[in-house]
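To start, the structure itself, in structure tokens.
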Amino acid sequence: MAAANAPITMKEALTLPSLGINPQFINFTHVTMESEKYICIRETAPQNSVVIVDMSMPAQPLRRPITADSALMNPNSRILALKAQLPGTTQDHLQIFNIEMKAKVKSHQMPEQVVFWKWSSANMLALVTQTSVYHWSIEGDSEPVKMFDRTANLQGNQIINYRCDPSEKWLVLIGIAQGPPERPQLVKGNMQLFSVDQQRSQALEAHAASFAAFKVAGNDNASILISFASRSFNAGQLTSKLHVIELGAVPGKPSFTKKQADLFFPPDFADDFPVSMQISQKYGLIYVITKQGLLFVYDLETASAVYRNRISPDPIFLTTDASSVVQRFQELFSQAKYKEAAELAAESPQGILRTPDTVAKFQSVPVQAGQTPPLLQYFGTLLTRGKLNAFESLELSRLVVNQNKKNLLENWLAEDKLECTEELGDLVKVGYNPDYLFLLQTILRTDPQAAVNFALMMSQMEGGCPVDYNTITDLFLQRNLIREATAFLLDVLKPNLPEHGFLQTKVLEINLVTFPNVADAILANAAAKTGQIKEVERVTRESNFYDPEKTKNFLMEAKLPDARPLINVCDRFGFVPDLTHYLYVNNMLRYIEGYVQKVNPGNAPLVVGQLLDDECAEDFIKGLILSVRSLLPVEPLVEECEKRNRLRLLTQFLEHLVSEGSQDVHVHNALATVKAFMTADLPHELIELLEKIVLQNSAFSGNFNLQNLLILTAIKADPSRVMDYINRLDNFDGPAIGEVAVEAQLYEEAFAIFKKFNLNFSAVNVLLDNIRSIDRAVEFAFRVEEEAVWSQVAKAQLREGLVSEAIESFIRADDATQFLEVIKAAEDADVYHDLVRYLLMVRQKSKEPKVDSELIYAYAKIDQLGEIEEFILMPNVANLQNVGDRLYDEALYEAAKIIFRFISNWAKLAVTHVKLNEFQSAVDAARKANSSKTWKEVCFACVDAEEFRLAQICGLNIIIQVDDLEEVSEYYQNRGCFSELISLMESGLGLERAHMGIFTELGVLYARYRPEKLMEHIKLFSTRLNIPKLIRACDEQQHWKELTYLYIQYDEFDNAATTIMNHSPEAWDHMQFKDVVVKVANVELYYKAVHFYLQEHPDLINDLLNVIALRVDHTRVVDIMRKAGQLRLVKPYMVAVQSNNVSAVNEALNGIYVEEEDYDRLRESIELHDNFDQIGLAQKIEKHELLEMRRVAAYIYKKAGRWKQSIALSKKDNLYKDCMETCSQSGERELSEELLVYFIEQGKKECFAACLFVCYDMIRPDVALELAWMNNMIDFAFPYLLQFIREYTSKVDELIKEKLEALSEVKAKEKEEKDMVAQQNMYAQLLPLALPAPPMPGMGGGFAPPPMGGMGMPPMPPYGMPSMAPY
């Protein structure tokens, strides 16, 4: 897999020896790494010290003289934990220090030794002893708390890891121990899984484990998963597994199905085992890392394999989550290089740095006077590179809205730079995106009722209330705002949902204690829902503790059959029109009558008014009015009817009151008014009358009201007279009558009125909106020269697409308010010269980024580059970055170049130079930008333009990045620039940051295009090559010699040997092949090599076989050579290995010796090596023409115990000595005596004598003497006879001697026993009874008789005759 496509990229962040750390301290007991932030090293020489490496500034390690057995840095903060054993005890003293504050946080003395410890979280230390596991919080004064006891499977294990799930409900402890006896080198892994809730443990076999949260479809809650990897050896089988299971599954809910997969270890990693596991929640991947540097990547959900590779040639003992991009970002940020940090975050892979944390870091930086805030630098960088994500869009929009620059949002949205969300929509709509909980708390402090309204507003928001109802209620109750809490709950609990049961109970509970009347009303509400009308009626009539509006709405929604509760509420709290409408619509007319007649007749006018609005039948209304009669107030009734032009309705009622003798002035006035309106339908007569009064010189000619009445009457009755009246009259209400004329569509008359009264704004509106004559409006504007008029004209011209004219009008109006519309219209019409004039005017009115930005753009469109340079040098608020991007996108490169150079956006400046074919300048800008993306853009452009010198400068800055190297190489190769690419890579070898990828890629290029340089390159840089990748390249290009060398360097000797044999003309070298073949793992390659040498290099086959002699099956080799008919060819090899006494080798050599008639070698072979078919060989050579061969056959028969065949064969060849020796060795008397007979028969007297001596032990004397006497050979037998007599006399003498010695021993023993008895008797006579005898001086405590020899008698000679003298 190519490096660019690999899911994991490895980069060396730091080497501890470069910081002065002695390599002897780089091991599991001296180095700790609790997170990617810190590495802690404990040194014990030349003095005790602790070194802390902050990965944000690794070049400045902190070294402190501290003596400790272990040191751990907190994963998040500069807090150091130390452990040291108390002298002379097994107790450990634990201490925690805050390095920044230089203060001890807390300490504790453990009663037992801590064998392993680890930060389980930022504020919790996990302590593992020989028997138990403890948790120790760094907060407060708490002591370690015991979590669980270790299980038996971890006894005697070295603890290597401990982990907790995020909830700390599941804990896992991991240890390792020596492997089983049959495979002790394979480390065994043991794991203890503990449930805090269940207080139970489970023992498992595992080397590494990790927890993860996973959302199962159909389950609202995330499941807790544990993944663990194991490698074990059982019953002769080696198994490697990865398991993923769910912990604490809830019955009845969807759960995670258990998964498992095989971990495939290559043959070279037979004893490797997992040491660490990390799980990526973001990508749902499991990372398993082994001690020998293998990385396995598996999918969390399916446990399917994703990737496997070796990532380190050195053993791995510690791992943690890390990101080189994150580290670089932290370094830049700590060095206050905010611009570079912003660029790095913007270009981070998969956007791993584009997070809320990054935004928060930029927000936290103090803004320096006269400098761009780092946060804006960050957002600006993001905008230049594409679209913002949802969170970034929201944060940037909040900044812009707070500065009242919504026009920027419009631009970004139009350019699709922001991700649209509901939150962003709310922000744009209301001006900001509030923290609702904070706002509610703020409002509560000053206006509780407003807080209630705000809470209710939140409850009605789309998508649900942003703050939990219970939280809102608690905020009210914390301030003892019972009424407000109740009001809020009563409103939001209207849907009566089951999940609101708790809140319903809560509102009733708090009011029962504090406001029983309110509780009573709530219960009444419930009563209404359950049909208890009497109770509802009582509460609505008597209680003062309910919300009238809400209660009214509730009762209307409830649609009770009895309207009395609703009547009570509406009458008490002034909802009579609503009550009337409800009763009328629901056909409850009798309740209307009852209310007016019995409850409150004074509200009858309101009832009548509402009924008229509802278009109720007049008969019912008249009847209702008459039913009340004198109780009904006349004046309000008349007002209600007059407002609706229904006074005629009251005629019968009023006449009835008059007939009853009513003296109420309102009754009589109302009746007169009604009759007057009924008879007054004479408009033309009225006009004639008013003309005589107003137009003729009368006392009322200047009457304001009469003039108004005349014009209004003419408007309605005779519009043709209106213009004359306008011209002749002066004292009328011009604005009002002008509006009436407009409504009556008398537009010219209206224009004349407004013009006459100098209402120029209204006049021009009539021309534009009603008469629709822009030309007349322009003429009118020139006449009056008012800015407001010109402004209206300009807007109309803009709407009609008269852009240039509109701009001219806006300038005359000095109106800058419509700049957004003007800009858009001018751009659509391509009238940038006019737009420049307009924007210059607008800039004098306001400082808007949009205006300044568009002015620069307009200058660019009309190619006024000098004006752009002058403008940007002056104070302005243009968004230069956006302007530059826009100019670039629209190919206005010269203008864009000016902008990008001014704002020091070197990346965009570089690509702009590229577009202008200014490649040298592009390289200079790219050098300042120093970003991989920019270098690539410039490099590729230079390649396309064949500016290879400049392309190489760019390329050298790209290829130092592993991820970009392959892209550059492919770009060059796709365009056929092979020599230039090779030159680039060769130059890259000398770079300080040259990495393995450069050396490897150059090797691949040599393999493809310069094979003559390949071998030299490989030999020079074999340790810096990615050998697998280069192997593939050499294989594709058929460079077999180089491929063989690479295989050897990579320890793939099987492949090396195969390549040599398959491509021997190019790859074979005898000495190299001998070195390779002895290291192969596949034994079949040995025999393939034998065949290979037999076919191609038979002269060297013995040399090869001698090298692999210890590894091959000699029988198989002999069989191969026999089938090939080439046994003689490997004779030296067989001689060399014959010492192994292999049957096939022995037989093959013996056969060769027979064929060569080399009887000496054959006999030697037979004597030294007996593993062959002896009888078969003897039968084969017993008739051989050579005597020595036949003699060898006899020898074989003799070795095989076939004495007769051996003797017979020797007799045939007169080999009498061999016959006699065979008889002697056989030990058979019959064969020896038969041989004597044979010699007598053959007259071989000397042989007869010799046989007697050779077979002396087997021949009976009587037989020998008999045969000698009968065949007259006594002389030849006499030496045998003498020897026999001498032997037997010696045997008799020996027997006699042994018998005499035995008798002497018996007599000596008897005498000793008698002496002992005598001594005991003497002792008993000398001593008194019952007293112990004291020892006598000089007697040694006892008496012993003197030896017999001491009495002067010589010892008796032994019994028998004196020994015979030898002959």
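Computed from a prediction, not measured in an experiment: that's the story for all the values here. In this chain, numbering begins with 1 at the start of the sequence shown.
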Any side-chain heavy-atom pair from [X] and [Y] closer than 4.5 angstrom?
X      : Y      : value
Asp964 : Trp935 : no
Arg479 : Leu475 : yes
Leu383 : Asp885 : no
Ile472 : Cys465 : yes
Val842 : Glu848 : no
Val452 : Pro448 : no
Tyr838 : Phe819 : yes
Leu444 : Gln478 : no

Distance-only, no hydrogens or angles: does the [X] side chain make a donor-acceptor pair with backbone N or O of [Y] under 3.5 Å?
X      : Y      : result
Ser393 : Glu419 : yes
Ser791 : Ala813 : no
Thr912 : Lys908 : yes
Arg812 : Glu808 : no

Taking the six-membered ring for Trp, are Phe780 and Trp790 closer than 6.0 Å centroid to centroid? no
For Tyr832 together with Tyr857, are the ring centres under 6.0 Å from each other? yes
Does the distance from a Lys or Arg side-chain N to an Asp or Glu carboxylate O, for [X] and [Y], drop under 4.0 Å?
X      : Y      : answer
Asp357 : Lys361 : no
Glu821 : Arg799 : no
Arg927 : Asp924 : yes

Looking only at side-chain N and O atoms, does [Y] offer a donor or acceptor that is under 3.5 Å from a partner on [X]?
X      : Y      : answer
Asp815 : Thr817 : yes
Asp834 : Ser804 : yes
Gln961 : Ser932 : no

Residues two or more places apart in sequence or in another chain: which of them pass side chain to side chain donor-acceptor pair (under 3.5 Å) with Asn917? none
Can you name the closest pair of heavy atoms from [X] and [Y] and give their distance?
X      : Y      : answer
Lys339 : Ile903 : NZ-O, 4.4 Å
Ala941 : Phe919 : O-CE2, 3.8 Å
Tyr893 : Tyr888 : CE2-O, 3.4 Å
Ala777 : Val793 : O-CG2, 3.7 Å
Ala825 : Val803 : O-CG2, 3.8 Å
Gly738 : Ala750 : O-CB, 3.7 Å

Rounded to the nearest 0.5 Å, what's the gap from [atom1] on [X] to [atom2] on [Y]? Could you check?
X      : Y      : atom1 : atom2 : result
Leu481 : Phe488 : CG    : CZ    : 13.5 Å
Ile774 : Glu800 : CD1   : CD    : 4.5 Å
Gln60  : Asp54  : CD    : CG    : 9.0 Å
His833 : Tyr859 : NE2   : OH    : 11.0 Å
Asn957 : Lys936 : CG    : NZ    : 13.0 Å
Arg354 : Leu382 : CZ    : CG    : 4.5 Å

Quiz: residues 860-877 side-chain donor-acceptor pairs under 3.5 angstrom, not counting sequence neighbours:
residue, atom, partner, partner atom, Å
Asn876, OD1, Ala878, N, 3.1
Asn876, ND2, Met874, O, 2.8

[X] atom [atom1], over 12 foreign heavy atoms within 6.0 Å:
X      : atom1 : value
Lys756 : NZ    : yes
Arg772 : CZ    : no
Lys387 : NZ    : yes

For a side-chain contact (heavy atoms from CB on, under 4.5 Å) check, start with the C-alpha distance between Leu375 and Glu395, then their side-chain angles and the critical distance, and finish with the verdict. CA-CA 10 Å; Leu375 182 60; Glu395 289 300 314; 6.0 Å; no
Over 60° means perpendicular and under 30° means parallel, so classify the ring planes of Tyr971 and Phe940, tilted if in between. parallel
May I have the step-by-step check of side-chain contact (heavy atoms from CB on, under 4.5 Å) for Arg886 and Glu854, ending in yes or no? CA-CA 10 Å; Arg886 184 179 177 188; Glu854 291 296 333; 2.6 Å; yes
Determine, step by step, whether Ser397 and Leu418 satisfy the side-chain contact (heavy atoms from CB on, under 4.5 Å) criterion, reporting the C-alpha distance in whole Å, the side-chain angles of both residues, the deciding distance to 0.1 Å, and the verdict. CA-CA 9 Å; Ser397 300; Leu418 305 179; 3.9 Å; yes
Donor-acceptor pairs under 3.5 Å, side chain of residues 757-766 to any protein atom, not counting sequence neighbours: which ones?
residue, atom, partner, partner atom, Å
Asn760, ND2, Glu786, OE2, 2.5
Asn765, OD1, Gln792, NE2, 2.8
Asn765, ND2, Phe761, O, 3.3

Please test Ile898 against Ile856 for side-chain contact (heavy atoms from CB on, under 4.5 Å), starting from the C-alpha separation and ending with a verdict. CA-CA 11 Å; Ile898 296 172; Ile856 296 173; over 6 Å; no
